[in-house]
2 protein chains.
Amino acid sequence: MVDADARRTELAEAAWRVILRDGLERASVRNVAREAGLSMGSLRHYFGSQTELLAFAMGLVTERARRRVRALDLASCGPRQAAESMLSEVLPLDAERRAEAEVWLALTGKALVDPILRALRDEAYDGLRELCERSVRALVESDGAVPGLDVDLETERLYAVIDGLTVHAVIRPDLASTETVKAVLARHLAGLCRRA
Amino acid sequence: MVDADARRTELAEAAWRVILRDGLERASVRNVAREAGLSMGSLRHYFGSQTELLAFAMGLVTERARRRVRALDLASCGPRQAAESMLSEVLPLDAERRAEAEVWLALTGKALVDPILRALRDEAYDGLRELCERSVRALVESDGAVPGLDVDLETERLYAVIDGLTVHAVIRPDLASTETVKAVLARHLAGLCRRA
DNA sequence: TCCTTTATAGCACAAACGTGCTATCATCTC
DNA sequence: GAGATGATAGCACGTTTGTGCTATAAAGGA
């Protein structure tokens, strides 16, 4: 018996590679199957349609990010350190995550029009927004924050910083280097706190 | 004689409509020509290839934004008001600009892989970055800014806020409403200034 | 008026695509 | 061992695609 879920993951990763190398429009059933070293028919044994394949590939990106965040041990950190750690797992700070983010952006483009991908995208963005909200709220309630902050506004602002940094890290890795991205995140969180 | 440039603009706008309605992958030569009420052959009289058409459509987005910014009369504003005005012209604050931004994001997805579109994208992002840098620098030099700001860091941070807000306004117009986007921008600029 | 350029139209071709379908081989169950 | 189920392979069909090409209508200059 073959581990069907592992096979699906392999195929989704093959789809990633094709998307990264040749673009989303080349991520056809044929090309992904060839990249994975399988036949078209075999791929279709695991994914009933191309949309199913792309949806799985998209879900894999978010699942990995979610898993990284969940794996963190935040018991011994204050709210600011916790926020920095969690958000660092979402940002594309190394080559692997930059690749994931690039795949994500490519699929997000298609999600503008495909309802299934859109649902996945919205779910992921809601999760990220919640992460930002939790971070802001924890800071505010910890009494270390600048007084008078509007939680909703600061959530949206932090959320924008994260997504903006993600976009920049993908399309201009030369300008938005790992160090720069880290520094901007740290600076922004510092701006929410009373002490520098 | 027909105004060739006006025709090209018409065709590019037809491409926008197809991209918005059916997605980038449906923006074929045939479909765009049909949307514009012309024949394939006629379209190809103005654009030698599909890439040329899409590149023109992409360039039109940035050109319009640039023109809006240039049309501003900033003589009588301080640096903070000037920054807010300029950046407001770049953000998708109404339906029309939201549509432009959506087209932009769709084409940006393809630019991850197409060198010609990538050059256009990079050029536009450089322009936006420069806008942010000018805004930050003007604030800092006007002596109204919080002391000790790192211009490069603040440029990248403002730049991230702008692009993050753009993404959110396109994909979640319900959450990132016009008012919210405006408020976040105002809040961020206020955070760079000494007085609230 | 004639001739050259421009504009529009549309056919033709090869390539790629998604998917329905059947066939073969392996693996597990009884 | 026989039969059922899962896994892999690949063909075939109808569409759509980008682009090369030719043909017709309009316009402008001599």
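Note on naming: letters A, B, ... go to the chains in the order of the sequence lines (proteins, then strands), and numbering restarts at 1 for each one. Every heavy atom of this structure was used, including side-chain atoms; hydrogens, water molecules and symmetry mates were not.
Closest of all the heavy-atom pairs between Ala55(A) and Ile116(A) is CB-CG2, 4.2 Å. Considering every non-hydrogen atom in both Arg97(A) and Ser88(A), the closest pair reads NH1-O, 3.4 Å. The heavy-atom pair separating Val170(A) from Ala101(A) by the smallest distance is CG2-CB, 3.6 Å. Nearest heavy atoms, Arg26(A) versus Val18(A): O-CG1, 3.5 Å.
Take the nearest nucleotide of DNA chain C for Arg44(B) and for Ser49(A): the residue whose nucleotide is more 5' is Arg44(B).
For the pair Arg121(B) (side chain) and Gly109(B) (backbone), a donor-acceptor distance under 3.5 Å is absent. A side-chain donor-acceptor contact under 3.5 Å links Thr178(B) to the backbone of Leu93(B). No side-chain donor-acceptor contact under 3.5 Å links Arg157(A) to the backbone of Val184(B).
Atom CZ in Arg26(A) sits about 14 Å away from atom P in dT17(D), given to the nearest Å. Rounded to whole angstrom, the span from the CG atom of Leu43(B) across to the P atom of dT17(D) amounts to 13 Å. As a whole-Å value, the separation of Arg30(B) CZ from dT15(D) P is 14 Å. dT17(D) atom P lies 10 Å from atom CG of Asp22(B), rounded to whole Å. To the nearest angstrom, C1' of dT15(D) lies 14 Å from CD of Gln50(A). In this structure, Arg34(B) atom CZ and dT17(D) atom C1' are separated by 12 Å, rounded to whole Å.
Interatomic distance, OG of Ser177(B) versus CD of Glu179(B), reported as 4.5 Å (0.5 Å rounding). Rounding to the nearest 0.5 Å places CE of Met86(B) at 5.5 Å from CZ of Arg134(B).
Here the range on DNA chain C touched by chain B, meaning any atom under 4.0 Å from one of its heavy atoms, is dT6(C) to dA12(C).
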Contact list (N/O, under 3.5 angstrom) for nucleotides 6-9 of chain D vs protein:
from	atom 1	to	atom 2	distance (Å)
dT8(D)	OP1	Arg7(A)	NE	3.3
dT8(D)	OP1	Arg7(A)	NH2	2.6
dT8(D)	OP2	Tyr46(A)	OH	2.6
dT8(D)	O5'	Ser42(A)	OG	3.3
dA9(D)	OP2	Ser39(A)	N	2.9

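OP1 or OP2 of dT16(D) has not a single side-chain nitrogen or oxygen of Asn31(B) nearer than 4.0 Å.
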